[in-house]
Amino acid sequence: MTAANLLQPSALPTARAEASVGEARLRLGAAAVVLLALATFIIGTAWDIQWHPSVGRDRLLTLPHQAMLAGITLSGLASLALVLLDSLRARRGSGVHDGNSTRILGIFRAPIGFILAGFGALVTALAFPLDDYWHVLYGIDVTLWAPFHVMIMGGMAMVGFGALYALASELNRLPDGRARSIARLLFSLGVALTLATIMLMLPQANDDEGLILLAGREVVLYPAMLAGMSALGLVVSLWGARRAGAATLMALAFFLLRGLLFWFVPGAMAFALEVEGYSLRPNAPESVILAFSYPWSLLPAALVTDLAYSLARRGGREGTALWIAAAAAVGMTFLDRPWASVMTSFYFPNLDVQAAFWNAFPLTLLAAVLGTAVALLIRRGLDRTVG
């Protein structure tokens, strides 16, 4: 199957039902709450990432952890409420049926996106006490790549993808109009927040764990991670919404979130230090760790992607735009190099930055291709879902 085939809209069920205005408002509202919860989790995680190397970790329910738990809880409750409400409506025959929902466990019926988001919130909630037990067994660590940290971030990424599927089902059923425009806007915001959740893994790639030896050569992991994640976000945002400008809108939302973190985290740290009665460690980081690790170059890459898509559609060559999006993701690695300054300043003062970057380049290309391939698979699922 060619890239052009993958980019063609999949055939939706012939008996697809148009969403009622009331139903659309309900589901779009629930999706908006889930996205708000995801944003709360990301902001809390940025605060927590700053807290660990700056202060330490004295107990489970620190203020940053409370913010994270608020996001997890809100996403789970919003998803659960929608699932229970739609299940009740299905039992009453009030417009919930096979054309706009999915049956699960033979009891519940709701859009698959909210089922996925609820399951992701449950996974994350289970990971939190397991992570605390991990620290009891093995001590306090500051690596983001610890098993249950990855479980927490993976669960919330699942919440984000669940919101995207819920919004895609509305896009696939709604006629043109205000509700469809709102769904498109929320979809772009959802891709930005989901990508930001996946990119919570990036700060550790700036650390000493981000440099590995392959075939006797020093290789940095950040460029490959950035290219793969960015390709995923660019392709899903543009081809999921199926409209030029969607990638730029997604990247703009991501860029604003990055700016918000630069503004919020220092103030939140000062507030928490005063409330908790702690002081900063002598070697506390001066920059906002997560915001510094997030790429600023996503916005220009998205502009290139949208322009390529607009031009390619006129010539009927959408597949060309797809690979330009992947190339734009690779190009970001030339512009965003936070790993270089952190590694040479704190961990590897004699690191040959250019050599480490070019040693990683084959891995970076492979990651961009894989990210694009995964995005196409996700996009096909988004295009087919109606409930």
Side-chain angles (χ1 to χ4, degrees), residues 3 6-10 28 31-32 34-35 38-39 42 113 117 157-172 180-199 226-258 294-313 318-332 336 367-385:
L6 285 169
L7 290 172
Q8 296 302 316
S10 304
L28 292 179
V34 171
L35 294 181
L38 189 57
I42 293 168
M158 198 181 302
V159 170
F161 280 114
L164 294 182
Y165 271 88
L167 291 165
S169 67
E170 299 307 303
L171 284 172
N172 291 337
R180 185 175 175 82
S181 297
I182 293 174
R184 276 205 178 101
L185 179 63
L186 288 175
F187 185 88
S188 294
L189 178 60
V191 177
L193 292 173
T194 304
L195 181 60
T197 304
I198 297 171
M199 285 188 173
L226 176 63
M229 294 172 181
S230 299
L232 174 69
L234 290 170
V235 174
V236 169
S237 64
L238 185 54
W239 279 275
R242 298 186 294 278
R243 173 167 291 188
T248 300
L249 185 60
M250 177 277 294
L252 183 60
F254 183 94
F255 191 77
L256 291 174
L257 174 64
R258 183 175 182 267
Y294 274 169
W296 64 266
S297 60
L298 185 64
L299 188 54
L303 288 168
V304 170
T305 299
D306 275 324
L307 178 61
Y309 182 77
S310 297
L311 295 175
R313 284 192 68 180
E318 288 91 342
T320 302
L322 175 70
W323 299 117
I324 291 177
V330 173
M332 291 172 59
D336 270 296
V369 171
L370 290 176
T372 302
V374 171
L376 286 174
L377 292 175
I378 293 172
R379 179 262 177 195
R380 286 182 66 80
L382 294 172
D383 194 59
R384 290 172 183 270
T385 184

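This is a predicted model, so every value here is computed, not measured.
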Taking Asn172 for its side chain and Thr385 for its backbone only, find out whether a donor-acceptor pair lies under 3.5 Å.
yes
Listed pairs under 3.5 Å, donor-acceptor, residues 247-258 side chains, sequence neighbours left out:
unit_1: Thr248; atom_1: OG1; unit_2: Asp306; atom_2: OD2; d: 2.4
unit_1: Arg258; atom_1: NE; unit_2: Ala291; atom_2: O; d: 3.1
unit_1: Arg258; atom_1: NE; unit_2: Tyr294; atom_2: O; d: 2.9

Less than 4.5 Å apart, any side-chain heavy atom of Val235 and any of Leu322?
yes
Worked verdict on Leu226 versus Met199 for side chain to side chain contact (heavy atoms under 4.5 Å, CB included):
CA-CA 8 Å; Leu226 176 63; Met199 285 188 173; 4.0 Å; yes
Could you walk me through whether Thr197 and Ile42 satisfy the side chain to side chain contact (heavy atoms under 4.5 Å, CB included) test, starting with their C-alpha distance in whole Å, then the side-chain angles of each, then the deciding distance to 0.1 Å, before giving a yes or no?
CA-CA 6 Å; Thr197 304; Ile42 293 168; 3.5 Å; yes
Tested for side chain to side chain contact (heavy atoms under 4.5 Å, CB included) against Met229, the lone hit among Ile198, Leu298, Leu234 is Ile198
Nearest heavy-atom neighbours spanning Ala163 and Val34
CB-CG1, 4.1 Å
Can you confirm whether Val236 sits close enough to Thr194 that some side-chain heavy atom of one is under 4.5 Å from a side-chain heavy atom of the other?
no
Taking only residues two or more places apart in sequence or in another chain, which ones pass salt bridge (charged side-chain N to carboxylate O under 4.0 Å, His left out) with Arg180?
Asp176
Tightest non-hydrogen contact, residues Ala244 and Ser310, listed as CB-OG, 3.2 Å
Applying side chain to side chain contact (heavy atoms under 4.5 Å, CB included), run through Tyr309 and Ile324 and close with a yes or a no.
CA-CA 9 Å; Tyr309 182 77; Ile324 291 177; over 6 Å; no
Determine yes or no for a side-chain-to-main-chain donor-acceptor pair under 3.5 angstrom, with Ser230 supplying the side chain and Ala227 the backbone.
no
How far apart are the closest heavy atoms of Ala231 and Thr372, and which atoms are they?
CB-OG1, 3.6 Å
